[in-house]
Protein chains: 2
Amino acid sequence: MKFQNIKRSTISHQVAETVRDAIVSGAYVPGDPLPTERALADEFGINRSSVREALRQLESWGLVEIRHGAGARVSDFLSTAGLQLLPFLLAPGGRLDPKLLFDLLELRVELLGFTAGHAANRADPPAIQELAACLGRLEAATDVEDVQVLDYAFFQQLVVMSGNRVLALLSNAIARVYLENRALFSMMYVGGLDTGPHRRTLEAVGQGDATGARAAMAEYGASALGRLR
Amino acid sequence: MKFQNIKRSTISHQVAETVRDAIVSGAYVPGDPLPTERALADEFGINRSSVREALRQLESWGLVEIRHGAGARVSDFLSTAGLQLLPFLLAPGGRLDPKLLFDLLELRVELLGFTAGHAANRADPPAIQELAACLGRLEAATDVEDVQVLDYAFFQQLVVMSGNRVLALLSNAIARVYLENRALFSMMYVGGLDTGPHRRTLEAVGQGDATGARAAMAEYGASALGRLR
DNA sequence: TGTCATAATTGGTCGGACCACCGGGCCACC
DNA sequence: GGTGGCCCGGTGGTCCGACCAATTATGACA
C-alpha cells in the first residue's frame with residue numbers, strides 16, 4: 001500500500017476549483033456575470049482577499065474576464081482557453097464526456113506518430129539505450145497502474161528524443177489529463193498491454209527509420225482508440 | 001484610422017509579467033528561491049496583497065511552486081508548464097529563439113494536415129461555404145496584417161469544421177503565440193501569400209477528400225517552414 | 001554528537017479602509 | 001430629439017496592519 005500525497009490546499013485554491021467546476025459543468029454559461037467579490041466572500045464565509053486570489057487563477061485559466069468596476073463575467077472558454085482546461089472538461093461533475101475523450105485520443109494518434117518519426121530522425125545511441133530501458137521496465141511491470149505510468153514514460157522518452165520543445169510543452173499538458181483522470185485511462189490497460197508496437201518503434205528508431213517508427217506508434221495509438229468504442 | 005484598445009493593467013499583472021520574463025529569460029534558474037512576498041512588495045514598492053495575486057498567476061502558469069512557510073521556488077517549467085508559456089518562451093527578452101520557432105512550425109505542419117483531413121471527413125455544406133468565404137476574404141486582402149489575420153481565420157474555420165474540441169483548445173493556445181508575437185510571423189507573409197494550397201484544400205474538403213486536404217494543407221505548412229531558413 | 005524544544009522566517013487569512021472605474025439616471029443645453 | 005456634463009451607487013484595485021500556520025534555523029541539553 002502506497003500512501004497518496006496529502007494535498008494541503010489553500011482556501012483560494014479550493015474556491016478556484018469550486019467555481020471552475022461550476023463553470024465547466026455548465027452551471028454558469030459564457031457571458032453570465034459572476035457574483036461580486038464581496039458576495040462570493042460572504043457566500044463562502046471567507047475573506048475577500050482569498051476570493052481575489054481565486055479569481056486571478058480563474059482568469060489565467062481563461063475562464064473568466066474581470067473588468068474594473070464592472071464585475072467578472074464567464075468567458076467563452078472554448079474559444080479562449082488552452083489545453084490546461086482539458087483535464088477538467090473531460091469529466092465535468094464526474095460525468096465523462098466520451099466525445100471529448102475520443103477527440104483527445106484521435107489527436108494523440110497523430111502526435112504519437114509525429115513524435116516517433118522525429119525521434120527516429122534525431123536519436124543518438126545513449127537515448128536509444130534509455131528508450132530500450134523504458135521498454136524493458138514496461139514489459140517487466142505487472143501492476144496495471146505501473147503499466148500505465150511506464151507506458152507514458154516510454155512516450156515521454158520519445159518526446160525528449162524528438163528534441164522538439166513545443167511538443168514537450170504539449171505533452172506536459174496532455175500528461176496532466178492522465179494525472180487528473182487516471183482511472184479513466186486505466187481501461188486502456190485492462191487485459192494487459194500489447195508491447196509489440198513499442199518494440200517495433202524502438203527498432204525503427206534505432207535504425208533511424210522515421211517512416212517505420214511513425215507507423216508503429218500510430219498503430220499503437222489507433223488500437224487504443226479502437227478499444228474505446 | 002482605427003484606434004487601438006487602450007489596455008489597462010493592474011499592478012499584480014505587471015508584477016507577474018515582470019517576474020515571468022525574469023524566469024523565462026534565465027535570470028532565475030529552476031530550483032532558485034524567489035524573494036519572499038514581503039521582499040518583493042518592498043522591492044516593487046507595492047502592497048503584499050498585489051504580490052500574492054501575482055504569485056498565484058505565476059503558479060497557475062506552472063512557473064513557480066509555493067510552499068507554506070518555505071517560500072516560492074522556480075519550478076522546472078519545461079517539464080511542468082503547458083503551451084500557455086510558449087508565447088513568452090519564443091522571444092525571451094526580445095531575442096528570438098529560432099530553434100523554438102522551428103519546432104513550432106514543424107509541429108504546425110502536422111496539425112495543419114490533421115485538421116484539414118478531419119475537416120474533410122466531417123464537413124457539411126454551410127461550413128464549406130463559410131470556408132470558401134474565408135478564402136475569398138483572404139484573397140481580397142492586400143494589407144500584410146490583414147492577410148496574416150485572415151490566413152489564421154481560414155485555419156480556424158478548418159478547426160471548427162473538424163469538430164475536434166481538443167484540437168480547438170490546442171489551436172487557441174497556438175493563436176496566442178501569434179497574437180503575442182505578431183511581428184515575428186509577419187515575415188511569413190512578405191511578398192504575398194500563395195493561396196494555391198488553400199484553394200486545393202477547399203476543393204478537397206468540399207469533395208470529402210481527406211487525403212487530398214491533408215496533403216494540400218501540409219504542403220502549405222511545409223512551405224512556411226521552408227521560408228524560415 | 002545527536003536530539004529536541006524553541007525562536008525566527010515565511011506563506012495564509014483576516015478585517016477594514018480608501019481609491020478608481022463603470023453604469024445608469026438626471027439635467028442643462030443645443 | 002440628441003448631446004454632453006454631472007452625480008451616485010455598485011464593483012474591482014490597492015493598501016495597511018494584524019494574527020495564524022507551516023517550515024526552517026538555532027541552540028541548549030543529554
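These values consider heavy atoms only, across backbone and side chains, with no hydrogens, waters or symmetry-generated copies. Lettering follows sequence order; numbering is per chain, from 1.
Contact annotation: B:Arg48 does not reach the phosphate of C:dT10 (side-chain N/O to OP1 or OP2, under 4.0 Å). Contact annotation: B:Asn47 reaches the phosphate of D:dC16 (side-chain N/O to OP1 or OP2, under 4.0 Å). Under 4.0 angstrom from either OP1 or OP2 of D:dC15 there lies at least one side-chain N or O belonging to B:Ser50.
Looking at heavy-atom distances under 4.0 Å, B:Ile66 makes contact with sugar-phosphate atoms alone, never a base. Using a 4.0 Å heavy-atom criterion, one finds that B:Ile46 contacts the sugar-phosphate atoms exclusively.
Rounded to an integer number of Å, the gap from A:Arg38 CZ to D:dG9 P is 15 Å. Rounded to an integer number of Å, the gap from NE2 of B:His68 to C1' of D:dC19 is 12 Å. The interatomic distance linking A:Glu37 (CD) with C:dG16 (P) rounds to 17 Å, in whole Å. When rounded to the nearest whole Å, the span between CG of B:Asp42 and C1' of C:dG11 equals 16 Å. Atom CZ of A:Phe44 and atom P of C:dT13 are 14 Å apart (whole Å). When the P atom of D:dG13 is taken as reference, atom CD of B:Glu53 falls 7 Å away, rounded to whole Å. Whole-Å rounding puts the B:Ile11 CD1 to D:dG12 P distance at 18 Å. The interatomic distance linking A:Leu40 (CG) with D:dT11 (P) rounds to 11 Å, in whole Å.
Just one of B:Leu89, B:Thr80, B:Leu107 meets the side chain to side chain contact (heavy atoms under 4.5 Å, CB included) condition when paired with A:Leu169; it is B:Leu89.
Between the side chain of A:Arg52 and the base of D:dG12 there is no donor-acceptor pair of N/O atoms closer than 3.5 Å.
A 4.5 Å side-chain heavy-atom check between B:Leu202 and B:Ile128 finds at least one atom pair inside the cut-off.
For the atom pair CD of B:Glu106 and CG of B:Leu100, the computed distance is 11.5 Å after rounding to the nearest 0.5 Å. The CG atom of B:Leu135 sits 6.0 Å away from the CG atom of B:Leu138 when rounded to the nearest 0.5 Å.
Two residues, A:Gly69 and B:Arg67, neighbour DNA chain C, and the one matched to the more 5' nucleotide by heavy-atom proximity is B:Arg67. For the pair B:Ser49 and B:Pro35, both in contact range of DNA chain C, the more 5′-proximal nearest nucleotide belongs to B:Pro35.
A 6.0 Å sphere centred on CD of A:Gln14 holds more than 12 heavy atoms belonging to other residues, nucleotides or ligands.
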